[in-house]
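Quick note: numbers below take in every heavy atom, side chains included, and nothing from hydrogens, waters or symmetry partners. Just so we're on the same page: letters track the sequence lines, and every chain starts at 1. Bear in mind the structure is a predicted one, so any value in this text is a computation, not a measurement.
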Number of protein chains: 2
Amino acid sequence: MLKDSGWPSMAQRKSATNGRAVLTAGDGFARSYLAYLLARASFNVSNEFHAMLKTWRMTVPEWRVLACLTDVEGLSVGELAAMALMKQPRLTKVLDRMERDGLLKRRSTASDRRRVALHLTAKGRTRVAPVLLAARTHEADLLAQFTSTERATIKHALDLLIGRAGRSAAD
Amino acid sequence: MLKDSGWPSMAQRKSATNGRAVLTAGDGFARSYLAYLLARASFNVSNEFHAMLKTWRMTVPEWRVLACLTDVEGLSVGELAAMALMKQPRLTKVLDRMERDGLLKRRSTASDRRRVALHLTAKGRTRVAPVLLAARTHEADLLAQFTSTERATIKHALDLLIGRAGRSAAD
DNA sequence: CCATGTTGCATGAAAAGGAATATTTTTAAT
DNA sequence: ATTAAAAATATTCCTTTTCATGCAACATGG
């Protein structure tokens, strides 16, 4: 099932753990399905860091919100939901918790009073700062395993996937 | 923040929606952080298909379990959890529902009576069959947007990421 | 064998998430 | 203006997930 849909062949690998052995065995779904490979790659990369978040007593959605708002202040709820890959009702609840904890503020917008502009508080910035550093370090460690050519390949692949996946070819 | 950790530069893009415009603006977190780009790529690729799952009244974890067990019969709970990128207690409860719905069976193992071997029922196979076809089609449509060179790049990048992420260089 | 530790899975209370819908504000059409 | 439609966020009800822990079966060292 799902054997070959235009992929080039992939070299076999082995691993010590039971789970890994199964994962890399055979040639079905788990070895060739694009969505699965992407999910696994994402999982592998994010997982270690997510474990580190416990050190800071920070949840994953909290981290995402803080990181996004560090990037772009004043996002609306909808914009942040899109950026943080969450659906809006979920984000609203995450924001409730974070606002209650004093990490951010909701400000109503003058021009469109339906919109809510989100701003980190000083407390929020203080909270996210060390985690951002850890994220940078973690990423650097990961990327250091690759040659610059490999890094370019990865970046190019993600560019392709983010650019074209999930919309028509004309866009 | 998180500006540059060894990435090659990425061309700018624009998009119609508000969310997208924010996503692709600037040069922070959302444009350069590997974990984020991977999560977004995975999200983009999987999302449309996950929406289709509603057509079959199938949840995402149910789909993952059915797809994995289609690939490899007789997996243990732990193996399946690793393969389906879920933690074990969650999988146990997903399995409870699916077993109750007659989609699979738990069989105790003779050699190690702690282990539980998982097997699809005929009903489970019937249920997953059309979804597997849809998955193949969806993937083929997606991959058709790329040249074979681009497909090779994507595959190679995923191979690199899955091979090396989340473990030491020596493994 | 027995004690001790470990592994594999299940469970239970508490928190979080999802789908549908409500509410308020804006936009558009007449 | 007025009414209808759309958009942004919040809310509600119900299901699912999580975290911690429990329990049984295996492994190992004396």
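A:L75 places its CG atom 14 Å from the P atom of D:dA8, with the value rounded to the nearest Å. Here D:dT15 presents its C1' atom at 13 Å from CZ of B:R90, a figure rounded to the nearest Å. Distance B:K87 NZ to D:dT16 P: 19 Å, rounded to the nearest Å. Across the protein-nucleic acid pair, A:M86 atom CE and C:dA19 atom P stand 15 Å apart, rounded to whole Å.
Nearer the 5' end of DNA chain D, as judged by each residue's closest nucleotide, is the contact made by A:K54, out of B:T109 and A:K54. Comparing B:D112 and A:V94 against DNA chain C, the residue whose closest nucleotide sits nearer the 5' end is B:D112. Residues B:V77 and A:R97 each lie close to DNA chain C; by heavy-atom proximity, the contact nearer the 5' end of the strand is made by B:V77.
For the OP1/OP2 pair of D:dA24 and a distance below 4.0 Å, the side-chain nitrogens and oxygens of B:R115 include no atom meeting the criterion. For the OP1/OP2 pair of D:dA10 and a distance below 4.0 Å, the side-chain nitrogens and oxygens of A:R106 include at least one atom meeting the criterion. Within the 4.0 Å cut-off from OP1 or OP2 of C:dC9, not a single side-chain nitrogen or oxygen of B:T92 is found. Regarding contacts with the backbone of C:dT24, every side-chain N or O of A:R113 stays at 4.0 angstrom or more from both OP1 and OP2.
Put simply, the side chain of A:V131 does not reach to within 4.5 Å of the side chain of A:L66, judged on heavy atoms. Counting heavy atoms from C-beta on, the side chains of A:M86 and A:V65 come closer than 4.5 Å. Side-chain contact check for B:W63 versus B:V128: some heavy-atom pair is nearer than 4.5 Å. Residues A:L34 and B:H138 fail the side-chain proximity criterion, which asks for heavy atoms closer than 4.5 Å.
Among the protein residues, A:P89 comes within range of the nucleic acid bases, having at least one heavy atom under 4.0 Å from a base atom. Within the nucleic acid shown, B:S111 comes within 4.0 Å of sugar-phosphate atoms alone, with no base atom in reach, counting heavy atoms only. Residue B:S76 is classed as a sugar-phosphate contact, given heavy-atom separations below 4.0 Å to backbone atoms only.
With values rounded to the nearest 0.5 angstrom, A:H156 atom NE2 is found 13.0 Å from A:I154 atom CD1.
Considering all non-hydrogen atoms of both residues, A:R64 and A:A84 come closest at CD-O, 3.7 Å.
Between the side chain of B:R114 and the base of D:dA24, no donor-acceptor pair of N or O atoms lies under 3.5 Å. For D:dT9, the base has no donor-acceptor partner in the side chain of A:K93 [N/O atoms by modelled type, under 3.5 angstrom]. For B:Q88 against C:dA10, a side-chain-to-base donor-acceptor contact under 3.5 Å is present.
Axis angle between the ends of the helix from C:dC1-D:dG30 to C:dT30-D:dA1, five pairs each and rounded to 10 degrees, works out to 30°.
If you run salt bridge (charged side-chain N to carboxylate O under 4.0 Å, His left out) between A:E73 and each of A:R107, A:K105, A:R125, only A:R125 comes through.
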